[in-house]
Structures are given as structure tokens and as C-alpha cells.
*Asks:* 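One structure is given below, represented as C-alpha cells, and several questions about it will come after.
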Amino acid sequence: MTVTVTQSPAAPAAQKQPRPARQRPRWAELREVLQLRQPTLNPVERRLGAALSIGDLREVAVRTTPRAVFDYVDGAADAELTARRNRAAFSAVELVPEYLSPVDHPDLSTRVFGREISMPLIFAPTGYTRMMHHEGEAAVARVAARHGLPYTLSTVGTSTVEDVAAAAPDGEHWFQLYLTRNERLNAELLDRAHAAGFTTVVLTVDTPVAARHLKDIRNGLTIPPSLTLRTLFDMARYPSWVLNKLTTAPITFASLSSMASGAIDAVRVADVVFEPTLSYDHLAWLRANWPHRLLVKGILSPRDARRAVEAGVDGVIVSNHGGRQLDRTPATLTVLPDIREELGPDATVILDSGVTHGQDILAARALGADAVMIGRAYLYGLMAGGERGVERAVTILREEYSRSLQLLGLNSSTAIARHHIRMP
């Protein structure tokens, strides 16, 4: 057999390519390409500008606040199982987008009690707030007012209802109430909140007694305080925090100042504000004596939600106190759908505990919440930078929520529905 080999024609010689012409770099062109960022000289603004998430603000707060104070905010009760469950429930949510819808200008607003707020977010009550930063509740209330969001002052806050009203006269203010065993004090707190223009009272029902916070006990941050040498040395590492505490008004339980001849001390506060006999009789008294909106905070079951509404409240806050009271309770996100189903579409249902991301707000809305409350999220910002830090926290959550709506294919808060998420 003869094999014929056909040779390919010779490849043409490689043509020499012309080299690009070179020129001296011009500064105007380099400046346009490099876009050098001007340094931020203010250390607070520099730290906050680098914070892109609530987790980042938490890391800043670790570096700017004494350990005992940070642990008080960051910690929870006993083994802290409930606090971890709250976050795990949000982390397990899967988002199901729907596309080919205009999402260029999403409307974040929603309505709570018939009143429009700029997004489904409410500032939760927090105690001892001026311990975290000397600007305290007044700073938080100002941020809330600027963003068109309600702010809730705690009975064990370090500012009075009058202080908050003066700091943010245009804001919508709610008052969180621990119904005490002193009826005169209860009536006084309601009268002062009413006179200061507060629109809503929030009765917290999950604190019949104080829970045990192991971190606080180890740090000596108890009532009364029993600070260890380690805690005192740690506080000395934060001279700005110490100086601000020494040069501003003493931290007191401001709303309780009428007790004990003008000032209630820390030793007695737990005995005064936590009522182990709290019952529906107390709720009936409160409903009869408060003329405006009334919410119950601490609901974790459909049965309790139904009973509270039948007792005359205007809505419920699904909350496990951020894991700071009874440990081993369920994550609030997991019980929310059953509570919404029990109460129907018209009742006001707010979710609290564990919200640290804009997508958490979206998940809560999809499962039936009208809005969410945040506590630790804005306290991290407060510790990181006072009022500017709280502003940064809200901005982060707003941007996350807005972008997530757009990526989900939705153009408004009201468009969120159950089929947009999946739960394991």
C-alpha cells in the first residue's frame, strides 16, 4: 500500500507587530486612574466609615468600650442558647427571588398603627444606655427622629421621658413599662409619658425576676456592682470612656427618681421594677389607665398572643428579650408565623430579638411581622461612636434592606410575601 503525504504550505513568516508608542505619564491622568482617597483625620469617623456591617460595628465597639460594659450588651442569660438560636434562625432563611420587575426606586416605608414609618424598623428599649456611651438615649432618639422611626425608652433607662422629648421633639416616642408593685409609681410613669407626648406604651411581661448573666457576674457588673481588680484595670484602658463618665451627669435610673426620697439606688431597682405577681389583672389596670396604644412585649406563643389581644392590647411584640431572660426559649422567627396566623392579618405584630441585617427585616416581614425591633444592633453603633455610630447602624440596615429588596425583585416593603422565603 502506498501512502501519500501531502505537505502543508509553509506558514508565512510572522509579521513584526508595531510596538505601542510610549509617552511620559501625566499627573492629571494618573490622578483620574488612581482616585486617591483623602485620609479621614477624625478617628471616630474613620472607624465608622470602615464599618460595612453591624458585625463590623460590633468589632469597633469591642475596641472602644470596657469589657464589662461590652459584655453586658453582647451577652445573654445562662448558656446563651436562645441568643444563638435567634441568629441561627435568621441564617437558615433562604430567599426566593422573582425577576423582570422594575426595582430602581424601592419604597421601604410601611405602616404601623396606621402611621407611616420610613422602613419596618423600631428602636427597642434598652436599659442603662448612658453606661454604653455618655450621649445615651438622647442620641438614639435623635437618630430615630431623623429617619422617621419610633424610639422606645425603657423604664430602667438613664434618661427621662422629658429628656427624650426635649432631645427629639419631632420624633415618635414609645415608653416601655415594667409594671412595678408600686401603683403610685406606675400611675406616675404613665402620666409623665402621656404629658411628654409619648404615643405608645409597651408592657414587658417576660421579666418576673431578673435572669442570671454569667458574664456580668464574672465581670462584677451586678446590682450592686462588685467590680474586680481585672475589671477596674480594663476600664482604665479606655480613658475617653472614663473621662466622659466622670465629666457628665451621674448614671441613674432616671424614670425612677421619685422613689426613695428622690433617688432609687441600684440595690433596690430589681426589687422595684420586676413584679413576680404580674398577671392579667395588672394588664387590665394598665389598659384602663393608658388612653393610647398598648403593646405587650415578650410573647412567644399563639395562645398568649390571643389572650393579650382579648384583654384589650393593640398588638404584640414577639420577643425572647434577645436571649437575656429565660434561656432555651425558641427563636422568635420560628414562632412568628403561628402567632400571625392566630391573630389574623389585621393585628399589629412586631418581631424582636436577633435582628442584625437588612435581610432579617425582610424575612420577618415575609413571615408576618409588620416591623422589627433592634436593640444590640444600634447599641454596637452607640458604643462605637455615639450618635454618629447609631446613625451608621441605621444606614447599614437601610442599605442592606433596600438592596435585598431589589435583588429579590421587589419594589416595596408591602410587596414582600411568604413565597419569597423558604424555611428549613
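Predicted model only: the values in this text are computed from it and were never measured.
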*Asks:* Nearest heavy-atom pair of Tyr238 and Val62: which atoms, and what distance?
*Replies:*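 Here Tyr238 and Val62 meet closest at OH-O, 3.7 Å.
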*Asks:* Is the closest side-chain heavy-atom distance between Arg324 and Asp206 below 4.5 Å?
*Replies:* no
*Asks:* Which heavy-atom pair separates Gly323 from Ala76 by the least distance, and what is that distance?
*Replies:*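 Closest approach of Gly323 to Ala76, heavy atoms only: O-CB, 3.2 Å.
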*Asks:* Out of curiosity, Leu333 CG to Arg85 CZ, how far, rounded to the nearest 0.5 Å?
*Replies:* 14.5 Å
*Asks:* Is Arg303 atom CZ crowded by more than 12 heavy atoms from other residues, nucleotides or ligands, each under 6.0 Å away?
*Replies:* no
*Asks:* Taking all heavy atoms of Phe123 and all of Val394, pick out the closest pair and write down the distance.
*Replies:*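 Phe123 and Val394 have their closest heavy atoms at CZ-CG2, 3.4 Å.
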*Asks:* Are more than 12 heavy atoms from other residues, nucleotides or ligands located less than 6.0 Å from atom CD of Glu183?
*Replies:*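 No, CD of Glu183 has 12 or fewer neighbouring heavy atoms, counting only those of other groups under 6.0 Å.
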*Asks:* Hydrogens and angles aside, do Thr129 and Glu137 bring a side-chain donor and acceptor to less than 3.5 Å of each other?
*Replies:*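 There is such a pair (donor and acceptor under 3.5 Å, judged by atom type) between the side chains of Thr129 and Glu137.
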*Asks:* What heavy-atom pair brings Ser255 and Ser154 nearest, and what distance separates the two atoms?
*Replies:*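 Result for this residue pair: OG-O, 4.3 Å.
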*Asks:* Among Arg340, Arg365, Arg115, exactly one meets salt bridge (charged side-chain N to carboxylate O under 4.0 Å, His left out) together with Asp370. Which residue is that?
*Replies:*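 One option only clears the test, and that one is Arg340.
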*Asks:* I'd like to know whether CZ of Arg422 has more than 12 heavy-atom contacts from other residues, nucleotides or ligands below 6.0 angstrom.
*Replies:*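 It does not: Arg422 CZ has 12 such atoms or fewer within range.
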*Asks:* For Arg184 and Glu188, what are the C-alpha separation, side-chain angles and deciding distance, and is it a salt bridge (Lys or Arg N to Asp or Glu O under 4.0 Å)?
*Replies:* CA-CA 6 Å; Arg184 181 184 64 80; Glu188 175 193 305; 3.7 Å; yes
*Asks:* Using the side-chain contact (heavy atoms from CB on, under 4.5 Å) rule, take Phe70 and Tyr380 through it: C-alpha gap first, then chi angles, then the decisive distance, then the call.
*Replies:* CA-CA 9 Å; Phe70 176 83; Tyr380 293 142; 4.0 Å; yes
*Asks:* For Glu98, I'd like to know if atom CD has over 12 heavy atoms of other residues, nucleotides or ligands within 6.0 Å.
*Replies:*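 Yes, CD of Glu98 has more than 12 neighbouring heavy atoms, counting only those of other groups under 6.0 Å.
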*Asks:* Could you grab the distance from atom CE of Met132 to atom OG1 of Thr64, nearest 0.5 Å is fine?
*Replies:* 12.5 Å
*Asks:* Parallel, tilted or perpendicular for Tyr151 and His173, by the 30°/60° rule?
*Replies:*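 It falls in the perpendicular class, over 60°.
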*Asks:* Which is it for Asp327 and Arg212 under the salt bridge (Lys or Arg N to Asp or Glu O under 4.0 Å) test, yes or no, and what are the steps along the way?
*Replies:* CA-CA 10 Å; Asp327 202 13; Arg212 190 176 68 155; over 6 Å; no
*Asks:* Under the side-chain contact (heavy atoms from CB on, under 4.5 Å) criterion, do Asn411 and Asp107 qualify, and how do the steps go?
*Replies:* CA-CA 6 Å; Asn411 64 0; Asp107 179 6; over 6 Å; no
*Asks:* Looking only at the side chains, is there a donor atom on one of Glu275 and Thr180 sitting less than 3.5 Å from an acceptor on the other?
*Replies:* no
*Asks:* To the nearest 0.5 Å, what is the distance between NE2 on His357 and CD1 on Ile396?
*Replies:* 9.5 Å
*Asks:* Working to the nearest 0.5 angstrom, can you tell me the gap between Glu172 CD and Thr199 OG1?
*Replies:*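 Glu172 CD to Thr199 OG1: 4.0 Å, rounded to 0.5 Å.
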*Asks:* Is it the case that Asn219 and Thr231 place a side-chain donor and acceptor less than 3.5 Å from each other?
*Replies:* no
*Asks:* For Glu391 and His147, does a side-chain donor sit closer than 3.5 Å to a side-chain acceptor?
*Replies:* yes
*Asks:* Answer yes or no: is there an ion pair linking Asp314 with Arg287, defined by an N-O contact shorter than 4.0 Å?
*Replies:*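 Yes.
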*Asks:* Quick check: closest heavy atoms across Val316 and Val309, and the distance to 0.1 Å?
*Replies:*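 Between these two residues, the closest heavy atoms are CG1-CG2, 4.5 Å.
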*Asks:* Would you say that Arg58 contacts Met383 through its side chain, given a criterion of any heavy-atom pair below 4.5 Å between the two side chains?
*Replies:*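 Sidechains of Met383 and Arg58: no contact.
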*Asks:* To the nearest 0.5 Å, what is the distance between CG (Leu410) and OH (Tyr99)?
*Replies:*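 So the CG of Leu410 and the OH of Tyr99 are separated by 10.0 Å.
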*Asks:* Would Glu135 and Arg130 satisfy salt bridge (Lys or Arg N to Asp or Glu O under 4.0 Å), going step by step from the backbone distance to the final call?
*Replies:* CA-CA 6 Å; Glu135 295 178 357; Arg130 286 186 54 238; over 6 Å; no
*Asks:* Of all the heavy-atom pairs spanning Gln406 and Val103, show the shortest one and how long it is.
*Replies:* NE2-O, 2.8 Å
*Asks:* Can you confirm whether His419 is buried at NE2, in the sense that more than 12 heavy atoms of other residues, nucleotides or ligands lie under 6.0 Å from that atom?
*Replies:* yes
*Asks:* Is it the case that the side chains of Thr332 and Ser353 hold a donor-acceptor pair, with the cut-off being a distance below 3.5 Å and no angle test?
*Replies:*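 Absent: no donor and acceptor within the cut-off.
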